[in-house]
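A short worksheet on the structure shown next.
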Amino acid sequence: MSQSRFEREARIQFSPEGYELDTLSVRAGQHRTAEGEHGDPIFTTSSFVFSSAREAAARFGGDEDGNIYSRFTNPTVQAFEERIAALEGGERAVATASGMAAIQSLVLALLKQGDHVVCSRSVFGSTVSLFNKYISRAGISTTFVDPTDVSAWEAAITPTTRLLFMETPSNPLAELTDIAAVAETAHRNDALLAVDNCFLTPALQRPLLLGADIVMHSATKYLDGQGRCVGGVLVGRDKEMEEVFGLIRTGGACMSPFNAWVFLKGLETLPLRMRAHSESALEMASWLQQQPGIRKVYYSGLPSHPQHELACQQQSAFGGVLSFEVEGEREEAWRFIDATRMVSITGNLGDVKTTITHPATTTHGRMSVEEREAAGVREGLIRLSVGLESLDDIKADMQLGLDALRN
Ligand SMILES: *Cc1c(COP(=O)(O)O)cnc(C)c1O
């Protein structure tokens, strides 16, 4: 007996209700075409055609749904948006050209002149510059606070505060913010809470389920996971995401279909990779902590981390990034880095390849000395994004750095 069209559709399309995270990361967001393709297709097209002038008019007028132009919507980009929204547990996602474009769009779409932002002082270096140098020109001011102190967030709120912005764990010092507590503070004051979830991804931490309103990602990092493309995304409720979508479609900071396809492939292995990154990073952090020449290791998975308990509550593991301070200053940190042989010296993180960075002179180099001091990014600090190479090989490389400290 032949299947009805309905039965056929139900069999080849996936509906995400009731499925676990590992399943969603592989299957959510794919809408198969009539070709019945198994893999996710890439729609590399700038515009879409209409069957008639009447249909064109209806689409442009908003009377009929459907694609018009890839700055507005593109099926591959939408597949990525649906998959990340399912993983974060949000109603809708909007993809952007980069992580920074996501933050900029979030602020410009949801805030206006005269509004105020409270932001963790331990956020990504460009995020600080964006708020201080550029967002401020739109008449939106920002106060930076100690991310670990919930009462500091509360104290910084003014009658014009509309947005609280945090990154937890922070880069590069792994300071944590209590998401549920700050979400409660935000909502009691009629403000939104946005969380940069770059370091843990929905595989290890789901801020929306803890009360946050918006999650932001630099897809460039773990969502891709293999260091290929730059991209970003915001996830939240329909209401706020509709505003963000309006700005992206008009302002043009959209994601390319090709990059969206790469990120879709990245999401398929996200939970698997994040578990492996976390396991290796925990082992590296414990090992580094015992080595002579290392002053301190910053990693929320260590029982010695001052917020280890909070980490266990709001995260399901501790992620792949750790930092450590060598005994000494810039010279010693550079000597350590230069003595390694395999790990990549690069500013990027969240890659299958282990990367090593001197934050004070690279990722955080554009901050003023005062801003850097306040964020605790010292000259002896080194950041390691632990990849998926053999742990023994990564350790051997770190040993070369440690040996160089002694010479
Ligand atoms: C890299 C990064 C960003 C910026 O993302 P881009 O894709 O480089 O624009 C923002 N936040 C964090 C935590 C990052 O690591």
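Just follow the structure's listing: the first ligand is 1, and inside any ligand the first atom is 1.
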Identify the heavy atoms of L400 and R341 that sit nearest to each other, and give their distance. CD1-CB, 4.0 Å
Carboxylate-amine/guanidinium proximity below 4.0 Å for R92 and E242: yes
Partner residues of E329 under the salt bridge (Lys or Arg N to Asp or Glu O under 4.0 Å) criterion, sequence neighbours left out: none
Kindly write out the residues that satisfy side-chain contact (heavy atoms from CB on, under 4.5 Å) with Q399, not counting sequence neighbours, or none if the list is empty. W287, Q291, L402, D403, R406
Residues in ring pair (Phe, Tyr, Trp, His ring centres under 6.0 Å) contact with F131, at least two apart in sequence or another chain: F165
Decide yes or no for E175 and Y298: does some side-chain heavy atom of the first lie under 4.5 Å from some side-chain heavy atom of the second? no
For a distance cut-off of 3.5 Å, show me each N or O of ligand 1 paired with any protein N or O, plus the separation.
{"from": "ligand 1", "atom 1": "5 (O)", "to": "S218", "atom 2": "OG", "distance (Å)": "3.0"}
{"from": "ligand 1", "atom 1": "7 (O)", "to": "G99", "atom 2": "N", "distance (Å)": "2.9"}
{"from": "ligand 1", "atom 1": "7 (O)", "to": "S218", "atom 2": "OG", "distance (Å)": "2.8"}
{"from": "ligand 1", "atom 1": "7 (O)", "to": "T220", "atom 2": "OG1", "distance (Å)": "2.7"}
{"from": "ligand 1", "atom 1": "9 (O)", "to": "G99", "atom 2": "N", "distance (Å)": "3.0"}
{"from": "ligand 1", "atom 1": "9 (O)", "to": "M100", "atom 2": "N", "distance (Å)": "2.9"}
{"from": "ligand 1", "atom 1": "11 (N)", "to": "D196", "atom 2": "OD2", "distance (Å)": "2.6"}
{"from": "ligand 1", "atom 1": "15 (O)", "to": "K221", "atom 2": "NZ", "distance (Å)": "2.7"}

